[in-house]
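The shown structure was predicted, so the numbers you read here are calculated from the model rather than taken from an experiment.
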Amino acid sequence: MDPYALKTLNAERRARRAAILVTDLGDGRDRIVREGDQVAGELGQAIAKAFRSGSSGSVEAEGRTFFLNAHLPQPRLMVIGAVHISQALAPMAKIAGYPVEIVDPRTAFATPDRFPDVALHAEWPEDVLKRQPLDSYTALAAVTHDPKIDDFALKAALDANCFYVGALGSRKTHAKRVERLLALGASADQIARIHAPIGLDIGAASPAEIAVAILAQTIHAFRSRGLEAKGAAA
C-alpha cells in the first residue's frame with residue numbers, strides 16, 4: 001500500500017470516519033475514498049454499496065477490476081434514559097453488534113445492578129457528550145420522557161448527524177418537543193430526521209417489545225444510509 005494512502009486511512013479510522021481503499025488490480029494503484037466523496041459511474045455505485053454494507057471485495061467497473069477494502073467505524077448506540085426499555089435494549093443491541101452506553105443523571109435508575117456489563121453514566125448528557133462527542137456512526141435513542149434530560153441530547157445528535165435519532169413519546173408529546181428544539185436552534189429539516197414515536201410500528205406494547213422495535217429501526221437506518229435521499233431501493 002502507498003505510504004500516503006496508509007497514513008490517510010489511519011487518520012480516518014482514528015477520527016471514526018468511514019473510508020475505502022480502492023485498488024486497481026490492473027496496475028496496483030491505490031486511492032482513498034472517504035464517505036461523501038463523489039465517484040461517478042459503476043465504480044461509484046459499487047463504492048456506495050460498500051459504504052452501506054461494510055463489506056470488502058472485488059468489483060468490475062468500467063472494464064477494469066478493483067478491490068474495495070472498506071473501513072467503517074463500528075456503529076454504536078447511545079441511550080438517554082436508564083429505564084425498563086433500556087434494560088431490554090442494551091443486551092439485544094450488544095448481540096446485534098452495537099456497543100451500548102446508557103446516560104441518565106437519575107442515580108436511582110442508573111445503577112450497575114440494573115445495567116450489568118453496560119457502560120453506564122449517572123450524569124447529565126451535557127457532561128457526557130462533552131467528553132464523548134457523538135458522530136455519524138452513533139445512534140441515539142432518547143427514552144426518559146423528560147425534556148430536561150432528552151432535549152439537549154437530541155439537539156446534539158442532530159448537530160452531529162447521527163445516523164439514527166429516536167425519541168419516546170406520543171405525537172402530541174413530540175409536537176411540544178419540536179417547539180422546544182426549534183427554540184434551541186434546530187432546523188425543521190433536522191427535526192424531521194427524528195423518529196417519533198420511536199421504533200418501527202410493530203404494535204409494541206411491553207418495554208421488551210419497544211426495545212425490539214427501536215433496535216430494528218436502528219439497524220434499518222444504518223443499512224439504508226444515503227438511500228432515502230437518492231430514492232433508491234434497499
Subject >> Which atom of G166 lies closest to which atom of I198, heavy atoms considered >> reply: C-CD1, 3.5 Å
**OP:** Mark yes when over 12 heavy atoms from residues, nucleotides or ligands other than R131 sit less than 6.0 Å from its CZ; otherwise mark no.
**Re:** yes
Subject >> Residues in side chain to side chain contact (heavy atoms under 4.5 Å, CB included) contact with I202, at least two apart in sequence or another chain >> reply: L200, A204, V212, A213
Subject >> Greater than 12 external heavy atoms within 6.0 Å of D117's CG >> reply: no
Original post:
Are V100 and I80 co-members of a hydrophobic cluster defined by side-chain heavy atoms under 4.5 Å apart?
Top reply: no
Original post:
Can we say R29 and D24 salt-bridge, meaning some charged N sits less than 4.0 Å from an Asp/Glu carboxylate O?
Top reply: no
Subject >> Minimum heavy-atom distance S86-V143, with the two atoms named >> reply: OG-CG2, 3.6 Å
Subject >> Set of residues satisfying side chain to side chain contact (heavy atoms under 4.5 Å, CB included) with respect to E62, sequence neighbours excluded >> reply: E42, L43
**OP:** Could you check if a side-chain atom of Y164 sits within less than 4.5 angstrom of a side-chain atom of L140, using non-hydrogen atoms only?
**Re:** no
Original post:
Which residue pairs pass the side chain to side chain donor-acceptor pair (under 3.5 Å) test with at least one member in residues 138-148, sequence neighbours excluded?
Top reply: R76-T138, D135-T138, T144-D150, D146-K148
Original post:
Do the side chains of F222 and L89 join up, straight or via other hydrophobic residues, at under 4.5 Å, putting them in one cluster?
Top reply: yes
**OP:** Determine, step by step, whether D159 and K155 satisfy the salt bridge (Lys or Arg N to Asp or Glu O under 4.0 Å) criterion, reporting the C-alpha distance in whole Å, the side-chain angles of both residues, the deciding distance to 0.1 Å, and the verdict.
**Re:** CA-CA 6 Å; D159 289 342; K155 176 63 164 53; 2.7 Å; yes
Subject >> Qualifying residues under side chain to side chain contact (heavy atoms under 4.5 Å, CB included), relative to P116, sequence neighbours excluded >> reply: none
Subject >> Partners meeting salt bridge (Lys or Arg N to Asp or Glu O under 4.0 Å) with R17 (sequence neighbours left out) >> reply: E12
**OP:** Answer yes or no: is there a side-chain heavy-atom contact under 4.5 Å between Y137 and Q74?
**Re:** no
Subject >> Common cluster, I20/F163, ILVMFWY with side-chain heavy-atom separation under 4.5 Å >> reply: yes
Original post:
Considering all heavy atoms of both residues, which atom of A82 and which atom of R114 are nearest to each other, and what is their separation?
Top reply: O-NH1, 2.8 Å
**OP:** Just grab all the side chain to side chain donor-acceptor pair (under 3.5 Å) pairs involving residues 96-109, residues at least two apart or on different chains.
**Re:** E101-H121, E101-Q132, D104-R106
